[in-house]
Student: 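Here it is, the structure in full.
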Amino acid sequence: MCSVCSVGNPAESQGFWLVEDSLTGCGELTRSQLLCSTPSGRAFCLTSTFMSKVRVRFAPSPTGFFHIGSARTALFNWLYARHTGGTFILRIEDTDQARNSEEFLRLIYNSLTWLGMDWDEGPNPDGVGERGSFGPYRQSQRADIYKQYLQKLLDAGRAYEKDGAIWFKLLGERFKTYDEHRKKEVEKVKAAPVVIEDLIRGRVERAEDEDFVIFRSDGNPVFHFVNVVDDITMQVTHIIRGEDHLSNTSKHVRLYEGFGVTPPVFAHIPLILKSPEMGQGKMSKRDKGALIEEYQQRRFLPEALVNYLSLLGWNAGDDREKMPIAEIIKLFDLPGVNQSNARFDGKKLGHMNMLYLLELPAGRFLTLAREYFETLPDRVVAAAALSSPADYFAAVMALAQPKIKSIDELAAYTVYFFTDGFPCDAKVKEKVLAKGDPKARLAELMAALPAMDFSSDAAIEEGIKALAVKHGLGFGDYQAVARLAVTGTNVGPSITGIFRLLGLARIQARLQSFLSTV
RNA sequence: GCCCUCAUCGUCUAACGGUUAGGACAGUAGAUUCUCAUUCUAUAAAUCGGGGUUCGAUUCCCCGUGAGGGCACCA
């Protein structure tokens, strides 16, 4: 029996079954596809899994900020669509009129676009009109379709009205029992459990033993109903969603049966949990680092975020972690997705971001840096940076790019290039002044400065080294105190680069004014 | 309370039933460059517990325990 489409058996196969003996010849199949067929004893029918076109959907509801878990679910759907050459659908689940907002809707389009997840069907990214021939793609515009499908259930005797709402009717013997959780008596139905063949979890059985509401008394359909109707009418082949929906799936399967439709393939992906410092449970919108918007504002590189997200619950099968998106698409597959939940690790994400930052073309870094300063809350620093000559700004950024871990460090890291009003770190000052004879070093440096060649980093280095040799000291003896005087800190790019960009006059002025404070 | 899922270093994860249990992030200690960051080297760190099956179990089975999710006229 095919684990996916539940049809036929390998003995009757026409050569379209993925079974152990026939693997060697299947060069087209990925490693994880091969593996999934054997350890768990599952078999897949190629006709259903690979030969019909994959259609997957991401179906967010615009009731809150777009967060990391949603992005990962979207990503896995998108990756699977791109991996299989299938279709990625964006559907807006906006049936909860009280909590929907246009602002959140725009945020969904914006975030997906920023992350590079383009959709083949759904509303257009600008919110005007839509694409695809299975629309409308906003549930708020699909009322007629829901009415029509409700009628099918009514006609089949599988739905009934009670207390003004419409309920889905389960088949089987009925009995009453007391529900501890809800503290009331409920009517249950005796029936064989629902069997879910999940691509990631394997076979899951769950009893579905209570009628449930499909249309509220206000006339609006509920999630379970619209979700299933939409997936049927949009011809969705694979439902990739968070494991938190696994318990809902039995309801959905019963609805598919009620409509006389074979359910799609389910793949319930693990959840993203809070990092240990953040506490227990799944990542929530209130957790630090949970919102995609935050990374966008901090100018994280979307490709780094996507790469990091792809590694939460999935891996390439070897030791590689940083990979171009094309490689991830090539290697990604559903049976290779882990079953256990993953904790979010902002530090590792930061590391990934740095890796991408290091190899970012200077031109793009410059664009991002400019955008960053344009939206920087500190308008004084921003104005100073943005009003500097373009080539000077570019030179400063070139100095900073290989040294910072994320773009939002840029203001603090480069402030002294753009203004004389930079802060001086008191602790660093104390430390540096305590070592050797810094005042003497500064005096020597100032004396040597006018004769120094400022044309290149190498020339500057040579000048300072010559000075050091002359006094029987090391480069570091001048570097540390000069850096403190000129930048107010002990971290930053090479001192030679700082000297070269700032130029003789400003170096002299800063050394002078620093000397007056010690 | 009931139902479902999961379980390898602190974290993300590798390991046809046979490995000195590997890599990455974070940590620690060094090296290097003018600081910092990078880089390099070294180091510490894991198979939840108990039973089976097996010549042999991280891997298969059962029971505990722990973690997560669900149990709405929310999605």
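Reminder, nothing fancy here: chain letters follow the sequence lines and each chain counts from 1. Note: hydrogens, waters and symmetry copies are ignored here, and every other heavy atom, side chains too, is used.
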Student: Decide yes or no, distance alone: a donor-acceptor N/O pair under 3.5 angstrom between the base of B:U11 and the side-chain of A:K274.
Tutor: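 By the distance-only test, no, there is no pair.
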
Student: Once you apply a heavy-atom cut-off of 4.0 Å, does A:Y413 come out as touching a base, just sugar-phosphate, or nothing?
Tutor: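 Answer is base: heavy atoms of A:Y413 come under 4.0 Å of a base.
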
Student: Which base, if any, makes a Watson-Crick or G-U wobble pair with B:A15, both distances under 3.5 Å?
Tutor: none

Student: Using a cut-off of 4.0 Å on non-hydrogen atoms, how would the nucleic acid contact of A:E93 be classed: base, sugar-phosphate, or nothing?
Tutor: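 If one applies the 4.0 Å heavy-atom cut-off, A:E93 turns out to touch the sugar-phosphate alone, with no base involved.
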
Student: Over all strands shown, is A:T496 touching base, sugar-phosphate only, or nothing at heavy-atom distances under 4.0 angstrom?
Tutor: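 Base, at least one base heavy atom under 4.0 Å.
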
Student: Taking N and O atoms by type only, does the side chain of A:E321 place a donor or acceptor under 3.5 Å from a partner on the base of B:G23?
Tutor: yes

Student: Quick one: label A:G474 by what it contacts on the DNA or RNA (base, sugar-phosphate, nothing), any heavy atom closer than 4.0 Å.
Tutor: nothing

Student: Could you check whether A:N248 gets within reach of a base, just the sugar-phosphate, or nothing at all, counting any heavy atom under 4.0 Å?
Tutor: base

Student: Are A:E409 and A:K403 close enough for a salt bridge, meaning some N to O gap below 4.0 Å?
Tutor: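 No, A:E409 and A:K403 are not salt-bridged.
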
Student: Does B:U43 pair with anything, Watson-Crick or G-U wobble, both distances under 3.5 Å, and if so, with which nucleotide?
Tutor: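 B:U43 is paired, partner B:G27.
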
Student: Using only heavy-atom distances, decide whether a donor-acceptor pair under 3.5 angstrom links the side-chain of A:K347 to the base of B:C25.
Tutor: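 There is none.
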
Student: Which is true for A:R320 with a 4.0 Å heavy-atom rule: it touches a base, it touches only sugar-phosphate, or it touches nothing?
Tutor: nothing

